[in-house]
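The sequence lines fix the lettering, A, B, ..., with proteins before strands; numbering per chain opens at 1.
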Amino acid sequence: MKKIINKPEEFVVEMLEGLYKAHPDLVTYTADDLHCLVRSDSPVQNKVALATGGGSGHLPVFLGYVGKGMLDGCAIGDVFQSPSADQMLEVTKRIHGGKGVLYIYGNYGGDVMNFDMATEMAEMEDIEVRTVLVKDDVASATADRADTRRGVAGMVFAFKIAGAKAELGASLDEVEAAVTKALNNTRTMGVALGACILPAVGKPGFHVADGEMELGMGIHGEPGIKTGPLATADEITSEIVETIMADMPLAKADKVAVMVNGLGATPLEELYIMYRKVDELLAQKGVSIHRQYIGEYATSLEMPGASISIMKLDDELEALIDQPANTPFFTQV
Amino acid sequence: MKKIINKPEEFVVEMLEGLYKAHPDLVTYTADDLHCLVRSDSPVQNKVALATGGGSGHLPVFLGYVGKGMLDGCAIGDVFQSPSADQMLEVTKRIHGGKGVLYIYGNYGGDVMNFDMATEMAEMEDIEVRTVLVKDDVASATADRADTRRGVAGMVFAFKIAGAKAELGASLDEVEAAVTKALNNTRTMGVALGACILPAVGKPGFHVADGEMELGMGIHGEPGIKTGPLATADEITSEIVETIMADMPLAKADKVAVMVNGLGATPLEELYIMYRKVDELLAQKGVSIHRQYIGEYATSLEMPGASISIMKLDDELEALIDQPANTPFFTQV
Amino acid sequence: MIRGTDISKVLMTAADSLIAMRDQLNELDAAMGDGDCGLTAEKGANGIKTYLAQNPADNNLGKWLAKAGMAYNKAAPSTMGALMATALMRAGKEVMGKAELEDIEIGKMLKAASIGIQERGKAKVGDKTIVDALDPAADAMLAALENGDSLETAAKAALLAAQKGRDSVIEIRSMIGRANWVGDKTKGKVDPGTVLFVGMLEHILNQPSSQPGSTLA
Amino acid sequence: MIRGTDISKVLMTAADSLIAMRDQLNELDAAMGDGDCGLTAEKGANGIKTYLAQNPADNNLGKWLAKAGMAYNKAAPSTMGALMATALMRAGKEVMGKAELEDIEIGKMLKAASIGIQERGKAKVGDKTIVDALDPAADAMLAALENGDSLETAAKAALLAAQKGRDSVIEIRSMIGRANWVGDKTKGKVDPGTVLFVGMLEHILNQPSSQPGSTLA
Ligand SMILES: Nc1ncnc2c1ncn2[C@@H]1O[C@H](COP(=O)(O)OP(=O)(O)O)[C@@H](O)[C@H]1O
Ligand SMILES: Nc1ncnc2c1ncn2[C@@H]1O[C@H](COP(=O)(O)OP(=O)(O)O)[C@@H](O)[C@H]1O
Ligand SMILES: [Mg+2]
Ligand SMILES: [Mg+2]
Ligand SMILES: [Mg+2]
Ligand SMILES: [Mg+2]
């Protein structure tokens, strides 16, 4: 196991201790529980509060996007495990600034059920809570079952859009509408070239044979749509972009935001090689890239692989994606 | 080979094509050679121009730090290979804004010789050139031979300090003095848990056995000071910090900047676990961390491992490290 | 009359059975999910055991059960943890304020738990989840108790229904949760949630463990 | 009198020998450096071959050689590329403006190349680099030519000196470059740069390849 850790069962807590020591000006925790992370200046009064949550092992997702212009709080689970409803409730109570709370998180059973429980409990405390589920992974279900798709890197677009909208003073309805539109316009697909190692397990929980790749594999190793010999960067990129565009047609003069996201072990150099091809493919269609994010935005520990997300922009989304943001892991000026 | 590439021999050129497509507002190239990267707005008149250069495979090092508040240009070599003197000269000519050019780069034979040749050629064109070599890796030579040490992640501190000083209008002498002081105050040491794969070779050029670690290994696989069974995060961090402090004593009330840098495959979570211990060790000594950088700042493709850099601050360095900067890979507000 | 100490004992036994099934559940989950079903079951079981040890059943069994559910969720918040918590909270709601229970109330609690799990997880019978074992078991138990059967007879009817339910979904495709993403490849595979529920019942009733598929023609 | 076509032929042969030694040099470099010495030698050799093919020697041998050096550096800019470029530029400087050369000038060129490499790389004799083969070779050649020996005799003296130089540093520790970081473990290992130079000379003179260490008592 090639890991720099102490006790596996302390992995998440020690990571969080390091995080709070590093960024005390930006984030803190509530309810005496390190897993309940909130903006240091929370509650921000008269702003719709935004919360997310999910398992650890995906940095900067989820907690890395808590900060000005993005989210207000995050409930943090064990590696690849949902946090508890209790923890979500504590975050919700602490960040509520009087204009309601919006939950934005990935469509995973455990997370959904816990957030639903938290919602019921928050409502008993007279906090209005809404939910927008991220379901951007086109590889996880066919279009007719799109509602069961997983949430992956596209959630960062959702955080960005919601954060900007809330920061501008919008109501809960308006923020919910903007992020819903953003997600309707967002598709992601990934490729894994290998597995990752859960600290508590010490060995990979799934396998991608050497020289093979798994197109569409999920960020916890959920099976993809195609296993086969490792293709070239151009072939992989083309297949991903085509799959996305078959699900969400793009037309001449459309504007998009693009994210080429590394899953953990894939060098930045390779992400730029992929981006080069994305740019070429979209240019061929007359689609222009208004803004691009290339780097590690949503990872799976040390998984080798990458994902590509495309968000179609209208005027509102374009203005929102351009707003500044400042979190421990995401700074846009 | 778990790599998302096309032809290995196109690796660097395609990476650069992606880069120029992604960041046209920030960077461009000169002399019709993609390997000669400069700020889009270069030459910046009446500012000391800062150049670096070195082999590819270390993103964001080197080229990622070209931008406002950091560097003006970078000559880019093949993977782990120096760029040519010619390319360095072209960058130098393009960025020179009338106040001289400072070369800041790592102490590797090929780079030094090529930069020296470039210096001779630049002087023939009446451009004043100075050089500051980065030699921050304490593990690469004992104190009595400190002059032969390698340059590793500490160079990012040098770029930051030099960039801020130049941006504030300092002279070539003043910038050279500031960055020289910064480097005298900077030490780095790393640990590798495995190798990386050169695209052209397709397999690791060196080995770290599974379950082993190599303390002090260089970013191209240069041997370290100790091979042994993989220790815990706390043990590794303690050994690195102690080695650094033996070479550069820190006293109560000293202020430092700290960088915990991932070499490629090590998850961000693990870097925070290390940072937690750095903070604890320095706090025990009464040393305070003024600013910290945790993430991937200087990598070796997909090498698993990390390095810790410490820069001792005085008032000038503290003010300079806090200045804003904005490059494709480094944004500080 | 059933007392809190009886229920506590049953819950202890149930928790022990989850811990005993850890590896089996992990293995089944690895084939069609993320391989952690046994791990989270064990965590939850330990959570509830700690709760039971520290909190003897009090005079309000409903509240005590709801709190047991929250303890399970805190210890193992993932899918099964949320479902178990909901089940215990809904079962508790059925008997809120009571210190002693009639047999029939056990049947009602089981059915309430099943409905709670279906509402929480949005899985219907036939989606290939724990619901496919739990819901027929609850119905069988309630019917038997309404029929005047003893608690033990009713429980055995419940077990038989649970085993049949588990086996009835082996050949179909999972429609929900992680297994849904595995898609058609789940056909012919046993759902870990159904095994968990059947195994728990078998252990509580001191019955031999049955093989998944054993009730099929 | 030596003409440009003669020099071009020698350089071609030298380049071919670098290509032939690729794997051997990589292997030696892997033991005490980064294992790319053969790769960069091959790249540089191909660069210079292309240059020679496209640029027949002209009447200014000095400038033509300097440009050959730049071609080598562009094709393989790392350590050895910078050293080779410097060597060719310094050798060229010796004969700037000339179209034909005397024998003695070959000796002077080799010594100028050696001094150039030492200035560029800041390595002295004894630091365990190519200098340890090149510098004694240059001295031996120059002495023989000054003594009136034929070019061939002088070149053979140079080769012997180069072989001895290569072998004399096997047991010592590398003091410069990547090998310096390997430290004491370089003791007993052969420096790839010395092998490169000796092998090149052997190939040019059509001599059998010698084993590193073969001149040692
Ligand atoms: N939405 C749901 N409703 C009811 N049961 C479900 C649901 N999703 C999954 N399950 C049950 O949970 C089991 C998996 O549990 P576990 O491995 O703990 O969850 P996770 O999917 O979070 O890893 C499945 O075998 C199935 O029986
Ligand atoms: N500073 C120097 N001066 C002279 N020769 C050197 C110097 N550094 C290295 N060398 C020679 O270069 C050889 C290594 O060449 P090469 O592998 O191409 O360089 P790199 O170190 O850039 O990988 C060494 O064997 C040594 O003979
Ligand atoms: Mg799970
Ligand atoms: Mg599971
Ligand atoms: Mg090299
Ligand atoms: Mg080498």
Side-chain angles (χ1 to χ4, degrees), chain A residues 1-7 10-12 14-19 21-22 56-57 59-60 64 79 191 193-194 196 208 210-211 230 232-234 236-237 264-277 279-280 289 292 294-296 299 301-302 304-306 324 326 329 331-333, chain B residues 1-7 10-12 14-19 21-22 56-57 59-60 64 79 191 193-194 196 208 210-211 230 232-234 236-237 264-277 279-280 289 292 294-296 299 301-302 304-306 324 326 329 331-333:
Chain A
M1 172 163 60
K2 297 195 174 303
K3 283 187 130 31
I4 306 179
I5 58 173
N6 295 306
K7 293 209 196 89
E10 304 291 330
F11 181 83
V12 172
E14 292 185 348
M15 176 271 284
L16 290 172
E17 285 171 359
L19 187 95
K21 283 179 173 182
S56 290
L59 280 184
V79 177
V191 62
L193 275 59
C196 58
V208 183
D210 210 36
L230 180 55
T232 66
D234 283 359
I236 292 170
T237 306
T266 290
L268 264 174
E269 284 81 0
E270 297 175 24
L271 303 182
Y272 274 93
I273 291 175
M274 292 178 80
Y275 179 76
R276 167 187 158 276
K277 189 69 185 177
D279 181 285
E280 181 188 312
I289 300 177
Q292 75 297 315
I294 304 160
E296 295 188 351
T299 65
L301 297 167
E302 65 282 270
N326 187 22
F329 296 80
T331 304
Q332 185 172 307
V333 287
Chain B
M1 174 164 59
K2 298 197 173 301
K3 281 186 132 30
I4 306 180
I5 57 172
N6 295 305
K7 293 208 197 90
E10 304 292 329
F11 182 83
V12 172
E14 292 185 347
M15 176 269 285
L16 291 172
E17 286 171 0
L19 187 94
K21 284 179 172 182
S56 290
L59 279 184
V79 177
V191 61
L193 276 58
C196 59
V208 182
D210 209 38
L230 180 55
T232 67
D234 284 358
I236 292 170
T237 304
T266 290
L268 264 174
E269 284 81 359
E270 297 175 24
L271 304 182
Y272 274 92
I273 291 175
M274 292 178 79
Y275 179 76
R276 168 187 157 277
K277 188 70 185 177
D279 181 283
E280 181 187 313
I289 301 178
Q292 74 297 316
I294 303 160
E296 295 189 351
T299 64
L301 297 167
E302 65 281 90
N326 187 21
F329 295 81
T331 304
Q332 185 171 307
V333 287

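Residue F11(A) touches chain B through both its backbone and its side chain, counting heavy-atom pairs closer than 4.5 Å. For V12(A), no part lies under 4.5 angstrom from a heavy atom of chain B. For a residue to count as touching a neighbouring chain, one of its non-hydrogen atoms must lie under 4.5 Å from one of that chain's; by this rule P60(A) touches chain B with backbone and side chain alike. At a 4.5 Å heavy-atom cutoff, the contact between I236(B) and chain A is made by side-chain atoms alone. Residue L59(A) touches chain B through both its backbone and its side chain, counting heavy-atom pairs closer than 4.5 Å. Looking at L301(A), the atoms closer than 4.5 Å to chain B (heavy atoms on both sides) sit in the backbone and in the side chain alike.
In terms of heavy-atom pairs under 4.5 angstrom with chain A, the leader among K21(B), E302(B), Q292(B) is K21(B). Counting heavy-atom pairs closer than 4.5 Å to chain B, the top-ranked of the candidates T299(A), D279(A), T237(A) is D279(A). Options G264(B), C196(B), G57(B) differ in how many heavy-atom pairs under 4.5 Å they form with chain A, and the most are formed by G57(B). Interface check for chain B: of the options E270(A), Q332(A), M15(A), the most heavy-atom pairs under 4.5 Å are formed by E270(A).
Between D234(B) atom CG and I273(B) atom CD1 the span is 9.0 Å, to the nearest 0.5 Å. Atoms OG1 and CD1, on T266(B) and I5(A) in that order, are 11.5 Å from each other to the nearest 0.5 Å. Separating the CE atom in M274(A) from the OG1 atom in T232(A) is a distance of 10.0 Å, to the nearest 0.5 Å.
With salt bridges taken as basic N to acidic carboxylate O contacts below 4.0 Å, none links E14(A) and K7(A).
In this structure E280(B) satisfies the salt bridge (Lys or Arg N to Asp or Glu O under 4.0 Å) test together with K277(B), sequence neighbours excluded. Applying the salt bridge (Lys or Arg N to Asp or Glu O under 4.0 Å) criterion to E269(B), with sequence neighbours excluded, gives no partner residue.
For the side-chain contact (heavy atoms from CB on, under 4.5 Å) with R276(A), the lone residue among L19(B), N6(B), L16(B) that qualifies is N6(B).
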